[in-house]
Amino acid sequence: MKFFIDTANIEQIREAASLGILDGVTTNPTLLSIEKGPFKETLKEICSIVKGPVSAEVMSENWEGMVEEAKELSKIADNICIKIPMTKEGLKAVNHLKSINIKTNVTLVFSPAQAILAAKAGADFVSPFIGRLDDISHIGMDLVRDIVTIYNNYDILTEVITASIRNPLHVIDAAITGSHVVTVPFAVIEKMFKHPLTDIGIKRFLDDWKKVEK
Ligand code: G3P
(Lines give C-alpha, C1' and ligand atoms only; values in the text may rest on other atoms or scores of the structure.)
Protein backbone atom coordinates (compact mmCIF):
# COMPACT_ATOMS: atom_id res chain seq x y z
CA MET A 1 0.00 0.00 0.00
CA LYS A 2 1.30 3.44 -0.93
CA PHE A 3 1.37 6.00 1.86
CA PHE A 4 0.55 9.65 1.04
CA ILE A 5 0.30 12.59 3.41
CA ASP A 6 -2.84 14.75 3.29
CA THR A 7 -1.49 18.24 3.89
CA ALA A 8 0.05 21.29 2.20
CA ASN A 9 2.28 22.04 5.19
CA ILE A 10 5.95 22.00 4.20
CA GLU A 11 7.28 21.18 7.69
CA GLN A 12 4.93 18.22 8.04
CA ILE A 13 5.86 16.96 4.57
CA ARG A 14 9.59 17.30 5.30
CA GLU A 15 9.17 15.45 8.60
CA ALA A 16 7.18 12.60 7.01
CA ALA A 17 9.65 12.39 4.10
CA SER A 18 12.57 12.11 6.54
CA LEU A 19 10.86 9.08 8.09
CA GLY A 20 11.07 7.32 4.73
CA ILE A 21 7.34 6.57 4.68
CA LEU A 22 6.15 8.96 2.01
CA ASP A 23 5.03 7.95 -1.50
CA GLY A 24 3.06 11.08 -2.37
CA VAL A 25 1.03 14.07 -1.18
CA THR A 26 -2.58 15.16 -1.53
CA THR A 27 -3.61 18.79 -1.16
CA ASN A 28 -6.95 20.51 -1.56
CA PRO A 29 -8.17 24.14 -1.48
CA THR A 30 -8.93 23.90 2.25
CA LEU A 31 -5.46 22.58 3.09
CA LEU A 32 -3.79 25.25 0.90
CA SER A 33 -5.89 28.00 2.53
CA ILE A 34 -4.18 27.28 5.88
CA GLU A 35 -0.66 27.84 4.47
CA LYS A 36 1.12 31.14 3.87
CA GLY A 37 2.46 32.25 0.47
CA PRO A 38 1.31 31.84 -3.15
CA PHE A 39 -0.12 28.36 -3.61
CA LYS A 40 1.93 27.58 -6.72
CA GLU A 41 5.15 28.24 -4.78
CA THR A 42 3.92 25.92 -2.03
CA LEU A 43 3.13 23.19 -4.56
CA LYS A 44 6.54 23.65 -6.21
CA GLU A 45 8.32 23.19 -2.89
CA ILE A 46 6.22 20.12 -2.07
CA CYS A 47 7.10 18.59 -5.46
CA SER A 48 10.80 19.15 -4.77
CA ILE A 49 10.56 17.24 -1.46
CA VAL A 50 8.50 14.26 -2.64
CA LYS A 51 9.16 12.28 -5.84
CA GLY A 52 5.71 10.65 -5.98
CA PRO A 53 2.42 12.19 -7.13
CA VAL A 54 1.40 15.53 -5.59
CA SER A 55 -2.31 16.20 -6.05
CA ALA A 56 -3.36 19.77 -6.83
CA GLU A 57 -7.02 20.60 -7.34
CA VAL A 58 -8.65 22.59 -10.15
CA MET A 59 -11.41 25.05 -9.26
CA SER A 60 -13.19 25.63 -12.58
CA GLU A 61 -16.63 24.10 -12.92
CA ASN A 62 -16.57 23.45 -16.67
CA TRP A 63 -14.27 20.92 -18.33
CA GLU A 64 -12.53 23.40 -20.60
CA GLY A 65 -11.59 25.56 -17.62
CA MET A 66 -10.42 22.49 -15.68
CA VAL A 67 -8.20 21.44 -18.57
CA GLU A 68 -6.64 24.92 -18.83
CA GLU A 69 -5.97 24.97 -15.07
CA ALA A 70 -4.57 21.44 -15.23
CA LYS A 71 -2.14 22.43 -17.98
CA GLU A 72 -0.95 25.41 -15.88
CA LEU A 73 -0.59 23.33 -12.71
CA SER A 74 1.29 20.64 -14.65
CA LYS A 75 3.98 23.20 -15.48
CA ILE A 76 4.89 23.38 -11.77
CA ALA A 77 6.56 19.95 -11.78
CA ASP A 78 6.48 16.55 -13.49
CA ASN A 79 4.92 14.86 -10.45
CA ILE A 80 1.82 17.08 -10.23
CA CYS A 81 -1.38 15.02 -10.37
CA ILE A 82 -4.56 16.94 -11.12
CA LYS A 83 -7.40 16.59 -8.65
CA ILE A 84 -10.74 16.79 -10.42
CA PRO A 85 -14.17 16.91 -8.76
CA MET A 86 -16.55 14.00 -9.38
CA THR A 87 -18.93 15.75 -11.76
CA LYS A 88 -19.91 15.25 -15.43
CA GLU A 89 -17.69 18.17 -16.40
CA GLY A 90 -14.94 16.72 -14.24
CA LEU A 91 -15.02 13.40 -16.07
CA LYS A 92 -14.94 15.15 -19.44
CA ALA A 93 -11.77 16.86 -18.22
CA VAL A 94 -10.32 13.52 -17.02
CA ASN A 95 -10.98 11.99 -20.43
CA HIS A 96 -9.25 14.89 -22.18
CA LEU A 97 -6.30 15.01 -19.75
CA LYS A 98 -5.71 11.29 -20.26
CA SER A 99 -5.29 11.91 -24.00
CA ILE A 100 -2.50 14.40 -23.27
CA ASN A 101 -0.84 12.24 -20.57
CA ILE A 102 -1.75 14.36 -17.54
CA LYS A 103 -2.47 12.24 -14.46
CA THR A 104 -5.73 12.72 -12.58
CA ASN A 105 -7.19 12.01 -9.15
CA VAL A 106 -11.00 12.14 -9.08
CA THR A 107 -11.99 13.56 -5.72
CA LEU A 108 -15.15 13.79 -3.60
CA VAL A 109 -16.14 10.21 -4.43
CA PHE A 110 -18.93 8.95 -2.19
CA SER A 111 -20.41 5.97 -4.08
CA PRO A 112 -19.23 2.90 -6.04
CA ALA A 113 -21.24 4.16 -9.03
CA GLN A 114 -19.12 7.33 -9.11
CA ALA A 115 -15.94 5.25 -8.84
CA ILE A 116 -17.01 3.09 -11.82
CA LEU A 117 -17.56 6.19 -13.96
CA ALA A 118 -14.27 7.79 -12.89
CA ALA A 119 -12.33 4.65 -13.82
CA LYS A 120 -14.10 4.36 -17.18
CA ALA A 121 -13.22 7.99 -17.94
CA GLY A 122 -9.56 7.15 -17.34
CA ALA A 123 -8.76 8.45 -13.85
CA ASP A 124 -5.39 7.36 -12.49
CA PHE A 125 -6.71 7.64 -8.92
CA VAL A 126 -10.10 7.92 -7.20
CA SER A 127 -10.46 9.36 -3.72
CA PRO A 128 -13.34 8.03 -1.61
CA PHE A 129 -13.76 10.30 1.47
CA ILE A 130 -14.43 7.84 4.25
CA GLY A 131 -14.33 10.17 7.28
CA ARG A 132 -17.02 12.40 5.83
CA LEU A 133 -19.25 9.33 5.33
CA ASP A 134 -18.59 8.17 8.89
CA ASP A 135 -19.52 11.71 10.01
CA ILE A 136 -23.04 11.21 8.64
CA SER A 137 -23.38 7.69 10.07
CA HIS A 138 -22.49 5.74 6.92
CA ILE A 139 -19.65 3.22 7.08
CA GLY A 140 -16.99 4.85 4.92
CA MET A 141 -14.83 1.76 4.72
CA ASP A 142 -17.67 -0.20 3.05
CA LEU A 143 -17.28 2.18 0.12
CA VAL A 144 -13.55 1.49 -0.16
CA ARG A 145 -14.21 -2.27 0.01
CA ASP A 146 -16.82 -2.07 -2.78
CA ILE A 147 -14.61 0.00 -5.06
CA VAL A 148 -11.56 -2.26 -4.53
CA THR A 149 -13.71 -5.34 -5.27
CA ILE A 150 -15.15 -3.81 -8.44
CA TYR A 151 -11.75 -2.69 -9.72
CA ASN A 152 -10.21 -6.10 -8.94
CA ASN A 153 -13.09 -7.89 -10.73
CA TYR A 154 -12.07 -6.23 -13.99
CA ASP A 155 -8.33 -5.65 -13.49
CA ILE A 156 -9.00 -1.91 -13.57
CA LEU A 157 -5.75 0.02 -13.19
CA THR A 158 -7.25 3.07 -11.45
CA GLU A 159 -5.85 3.20 -7.90
CA VAL A 160 -8.04 3.80 -4.86
CA ILE A 161 -6.80 6.50 -2.47
CA THR A 162 -8.58 6.14 0.86
CA ALA A 163 -9.01 9.78 1.90
CA SER A 164 -10.63 11.81 4.67
CA ILE A 165 -8.86 9.64 7.22
CA ARG A 166 -9.55 10.49 10.85
CA ASN A 167 -7.65 7.89 12.90
CA PRO A 168 -5.11 5.00 12.72
CA LEU A 169 -7.91 2.42 12.52
CA HIS A 170 -8.94 3.92 9.18
CA VAL A 171 -5.40 3.31 7.91
CA ILE A 172 -5.37 -0.29 9.15
CA ASP A 173 -8.82 -1.01 7.68
CA ALA A 174 -7.80 0.53 4.36
CA ALA A 175 -4.74 -1.74 4.26
CA ILE A 176 -6.79 -4.85 5.13
CA THR A 177 -9.33 -3.90 2.47
CA GLY A 178 -6.66 -3.66 -0.23
CA SER A 179 -6.79 0.08 -0.85
CA HIS A 180 -3.88 0.91 -3.16
CA VAL A 181 -3.11 4.15 -1.33
CA VAL A 182 -3.97 5.90 1.95
CA THR A 183 -3.61 9.64 2.36
CA VAL A 184 -3.09 10.43 6.00
CA PRO A 185 -3.12 13.74 7.94
CA PHE A 186 0.07 14.41 9.93
CA ALA A 187 -1.77 14.18 13.27
CA VAL A 188 -2.90 10.64 12.41
CA ILE A 189 0.65 9.65 11.38
CA GLU A 190 1.82 10.79 14.83
CA LYS A 191 -0.85 8.65 16.47
CA MET A 192 0.24 5.61 14.42
CA PHE A 193 3.62 5.67 16.19
CA LYS A 194 2.11 5.42 19.64
CA HIS A 195 1.64 2.36 21.79
CA PRO A 196 1.66 2.48 25.60
CA LEU A 197 3.56 -0.83 25.80
CA THR A 198 6.32 0.65 23.62
CA ASP A 199 6.63 3.62 26.02
CA ILE A 200 6.60 1.34 29.09
CA GLY A 201 9.14 -0.98 27.43
CA ILE A 202 11.53 1.86 26.61
CA LYS A 203 11.29 3.24 30.15
CA ARG A 204 11.99 -0.21 31.66
CA PHE A 205 15.03 -0.79 29.42
CA LEU A 206 16.38 2.67 30.26
CA ASP A 207 15.88 2.05 34.01
CA ASP A 208 17.46 -1.41 33.86
CA TRP A 209 20.38 -0.13 31.78
CA LYS A 210 21.36 2.05 34.73
CA LYS A 211 21.83 -1.13 36.79
CA VAL A 212 24.11 -2.81 34.25
CA GLU A 213 27.79 -2.83 35.26
CA LYS A 214 29.81 -0.76 32.80
O1 G3P B 1 -7.71 14.96 0.64
C2 G3P B 1 -8.88 15.47 1.09
C3 G3P B 1 -9.59 14.67 2.13
O4 G3P B 1 -8.72 13.81 2.76
C5 G3P B 1 -10.43 15.52 3.04
O6 G3P B 1 -10.42 15.17 4.36
O7 G3P B 1 -10.80 15.57 6.75
O8 G3P B 1 -11.51 17.32 5.10
O9 G3P B 1 -12.74 15.17 5.27
P10 G3P B 1 -11.44 15.85 5.42
Side-chain angles (χ1 to χ4, degrees), residues 1-28 30-36 42-43 45-56 79 81 83 105 107 109-110 125-149 151-152 158-214:
M1 182 174 68
K2 292 174 197 161
F3 199 98
F4 291 3
I5 190 168
D6 196 26
T7 184
N9 183 278
I10 300 295
E11 272 177 37
Q12 293 178 353
I13 292 166
R14 281 196 197 286
E15 174 76 357
S18 74
L19 292 166
I21 61 171
L22 216 49
D23 299 306
V25 179
T26 51
T27 71
N28 63 36
T30 306
L31 294 171
L32 281 163
S33 74
I34 304 166
E35 305 305 323
K36 290 202 164 60
T42 304
L43 289 169
E45 194 165 356
I46 295 171
C47 289
S48 73
I49 301 167
V50 181
K51 285 202 183 87
V54 174
S55 285
N79 52 336
C81 176
K83 231 178 181 186
N105 170 6
T107 189
V109 168
F110 291 98
F125 299 98
V126 291
S127 292
F129 277 25
I130 61 164
R132 293 192 194 184
L133 282 169
D134 288 356
D135 289 346
I136 58 160
S137 304
H138 287 254
I139 298 171
M141 201 52 66
D142 284 351
L143 171 60
V144 175
R145 191 170 298 108
D146 286 348
I147 300 172
V148 167
T149 302
Y151 285 5
N152 286 344
T158 305
E159 293 184 62
V160 178
I161 304 179
T162 300
S164 185
I165 278 181
R166 303 270 195 263
N167 54 58
L169 203 51
H170 278 153
V171 179
I172 297 164
D173 283 343
I176 292 169
T177 303
S179 182
H180 307 89
V181 188
V182 279
T183 187
V184 189
F186 189 75
V188 176
I189 297 176
E190 300 245 63
K191 285 182 188 159
M192 289 174 72
F193 274 95
K194 294 284 176 197
H195 197 288
L197 290 180
T198 305
D199 297 340
I200 291 167
I202 287 170
K203 185 176 178 329
R204 191 179 299 166
F205 284 150
L206 284 170
D207 289 346
D208 290 344
W209 186 244
K210 288 177 194 150
K211 300 173 205 157
V212 173
E213 282 192 38
K214 288 148 197 144

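No experiment lies behind these values; they were computed from the predicted model shown. Residue indices begin at 1 and follow the sequence shown.
A salt bridge links Asp207 with Lys203: the closest approach of a Lys/Arg side-chain nitrogen to an acidic carboxylate oxygen falls below 4.0 angstrom. Using a cut-off of 4.0 Å between Lys/Arg side-chain N and Asp/Glu carboxylate O, Arg132 and Asp135 are scored as not salt-bridged. Note on Asp142 versus Arg145: salt bridge recorded, some NZ/NE/NH1/NH2 to OD/OE distance being below 4.0 Å.
Atom CZ in Phe4 sits 6.5 Å away from atom CG in Asp23 (nearest 0.5 Å). One distance of note links CD1 of Ile139 with CG of Leu133; it measures 10.5 Å at 0.5 Å rounding. From Thr177, atom OG1 reaches atom CD1 of Ile172 across 11.5 Å, with rounding to the nearest 0.5 Å. With rounding to the nearest 0.5 Å, the separation of CD1 in Ile176 from CE in Met141 is 9.0 Å. Atom OG1 of residue Thr158 and atom CZ of residue Phe125 lie 9.5 Å apart, to the nearest 0.5 angstrom. A distance of 4.0 Å separates CD1 of Ile130 from NE2 of His170, quoted to the nearest 0.5 Å.
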Starting from the C-alpha separation in whole Å, work towards a yes-or-no answer on side-chain contact (heavy atoms from CB on, under 4.5 Å) for Phe129 and Thr107. CA-CA 8 Å; Phe129 277 25; Thr107 189; 3.3 Å; yes
Apply side-chain contact (heavy atoms from CB on, under 4.5 Å) to Ile46 and Ile10, showing your working. CA-CA 7 Å; Ile46 295 171; Ile10 300 295; 3.6 Å; yes
Chi angles and distances behind the side-chain contact (heavy atoms from CB on, under 4.5 Å) call for Leu19, Phe3: CA-CA 12 Å; Leu19 292 166; Phe3 199 98; over 6 Å; no
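Partner Val109 forms a side-chain contact (heavy atoms from CB on, under 4.5 Å) with one of Ile147, Val144, Val160 and no other, that one being Ile147. Paired with Glu35 under the rule side-chain hydrogen bond (donor to acceptor under 3.5 Å, both in side chains), one option of Thr27, Asn9, Thr7 passes, and it is Asn9.
In terms of heavy atoms, Thr162 sits closest to Ser179 at OG1-OG, 2.7 Å. Summarising the geometry of Lys214 relative to Trp209, their closest heavy-atom pair is NZ-O, 2.6 Å, with the distance given to 0.1 Å. Here the closest non-hydrogen pair linking Ala16 and Ile21 is O-CG1, 3.5 Å. When all heavy atoms are compared, the tightest approach of Ile49 to Ala17 is CG2-CB, 4.0 Å. Ala8 and Leu31 make their closest contact through CB-O, 3.9 Å (heavy atoms, listed as atom of the first residue, atom of the second, distance). Minimum heavy-atom separation, Ala174 to Met1: C-SD, 4.3 Å.
Between the side chain of Lys194 and the backbone N or O of Asp199, no donor-acceptor pair lies under 3.5 Å. Using a distance-only test at 3.5 Å, with no hydrogens or angles considered, no donor-acceptor pair links the side chain of Asn105 to the main chain of Cys81. Remark: side-chain polar atoms of Asp134 are paired, donor with acceptor, to backbone N or O of Gly140 under 3.5 angstrom.
Asn167 places none of its side-chain heavy atoms less than 4.5 Å from the side chain of Lys191. Inter-residue side-chain proximity for Glu15 and Glu190 is flagged as unmet; no heavy-atom pair is nearer than 4.5 Å. Inter-residue side-chain proximity for Ile165 and Asp6 is flagged as unmet; no heavy-atom pair is nearer than 4.5 Å.
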